[in-house]
Amino acid sequence: ELEPVGFNINVYPNPVSDDQLNIDYEIKQNSKITFSVVDIVGKLIYAANEKQVAGKYQKKITLENLAPGVYFLTVNVNNIIRSFKLVKIH
């Protein structure tokens, strides 16, 4: 029997107005997870690597030092990649 490999994820608020991005996610198996945020020209702003067991988690990323604009969040869970366009408005 194969383990499910997917994951559920919710990124909010978007647009980001209070300098904090919340990432709620659930993984179905023990996973290696990479979070990265890049700006519109691809410059890496934030990166984190984690190993977690199956379960529900919340990650908070502080964006207070970033100028208003468009950013991209990428979440890689065991080589399954989801990307999100973020707008920072303050």
Side-chain angles (χ1 to χ4, degrees):
E1 184 174 320
L2 293 176
E3 292 233 13
V5 295
F7 64 100
N8 298 320
I9 188 165
N10 184 32
V11 176
Y12 63 94
N14 194 11
V16 180
S17 60
D18 64 355
D19 293 333
Q20 182 166 287
L21 181 68
N22 299 296
I23 306 168
D24 293 342
Y25 61 99
E26 180 180 8
I27 50 177
K28 308 292 186 185
Q29 63 188 28
N30 295 358
S31 300
K32 286 176 53 179
I33 306 169
T34 302
F35 300 92
S36 60
V37 176
V38 297
D39 67 13
I40 195 76
V41 296
K43 179 183 174 189
L44 185 64
I45 303 295
Y46 173 89
N49 297 300
E50 300 180 5
K51 289 184 179 179
Q52 294 174 324
V53 298
K56 292 183 178 181
Y57 297 90
Q58 182 179 74
K59 178 146 188 87
K60 296 179 184 295
I61 300 176
T62 300
L63 303 176
E64 65 187 350
N65 296 324
L66 297 183
V70 176
Y71 297 88
F72 298 93
L73 166 70
T74 300
V75 181
N76 180 330
V77 177
N78 295 332
N79 297 316
I80 298 171
I81 298 170
R82 303 256 175 94
S83 294
F84 302 87
K85 180 180 177 182
L86 307 173
V87 178
K88 184 164 191 268
I89 58 175
H90 290 299

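Residue indices begin at 1 and follow the sequence shown. Just so you know, these numbers use all the heavy atoms, side chains as well, and skip hydrogens, waters and symmetry mates.
- In the displayed structure, K51 atom NZ is contacted under 6.0 Å by at most 12 heavy atoms of other residues, nucleotides or ligands.
- Interatomic distance, Y71 OH to L21 CG, rounded to the nearest 0.5 Å: 12.5 Å.
- Side-chain contact between D24 and K56 is absent, with no heavy atoms from C-beta onward closer than 4.5 Å.
- F35 and V38 end up in different hydrophobic clusters when Ile, Leu, Val, Met, Phe, Trp and Tyr side chains are linked at under 4.5 Å.
- The shortest distance between side-chain heavy atoms of D19 and K88 falls below 4.5 Å.
- The shortest side-chain heavy-atom distance between S83 and T74 falls under the 4.5 Å cut-off.
- Here the side chains of N78 and Q29 are in contact, with some heavy-atom distance below 4.5 Å.
- A54 approaches N30 most closely through the heavy-atom pair N-OD1, 3.3 Å.
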Stepwise side-chain contact (heavy atoms from CB on, under 4.5 Å) check, F72 with D39
CA-CA 6 Å; F72 298 93; D39 67 13; over 6 Å; no
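- The shortest distance between side-chain heavy atoms of Q58 and N22 falls below 4.5 Å.
- Results of the ring-ring contact (aromatic ring centres under 6.0 Å, His included) test with Y25 over Y12, F7, Y57 single out Y57 as the only residue that passes.
- Transitive grouping of hydrophobic side chains (ILVMFWY, heavy atoms separated by less than 4.5 Å) keeps V87 and L63 in distinct clusters.
- Residue I27 is grouped with residue V53 when hydrophobic side chains (ILVMFWY) are merged at heavy-atom distances under 4.5 angstrom, including chains of intermediate members.
- The side-chain contact (heavy atoms from CB on, under 4.5 Å) with L86 is formed by just one residue from the set V11, L66, I61; it is V11.
- The hydrophobic clustering, which links ILVMFWY residues whose side-chain heavy atoms are closer than 4.5 Å, places I9 and V77 together.
- Note that the CD1 atom of I33 and the CD atom of Q52 stand 4.0 Å from one another [nearest 0.5 Å].
- To the nearest 0.5 Å, atoms CG (N76) and CZ (R82) are separated by 11.0 Å.
- N14 places none of its side-chain heavy atoms less than 4.5 Å from the side chain of F84.
- Between atom CG of residue L73 and atom CD1 of residue I45 there is a gap of 12.5 Å, rounded to the nearest 0.5 Å.
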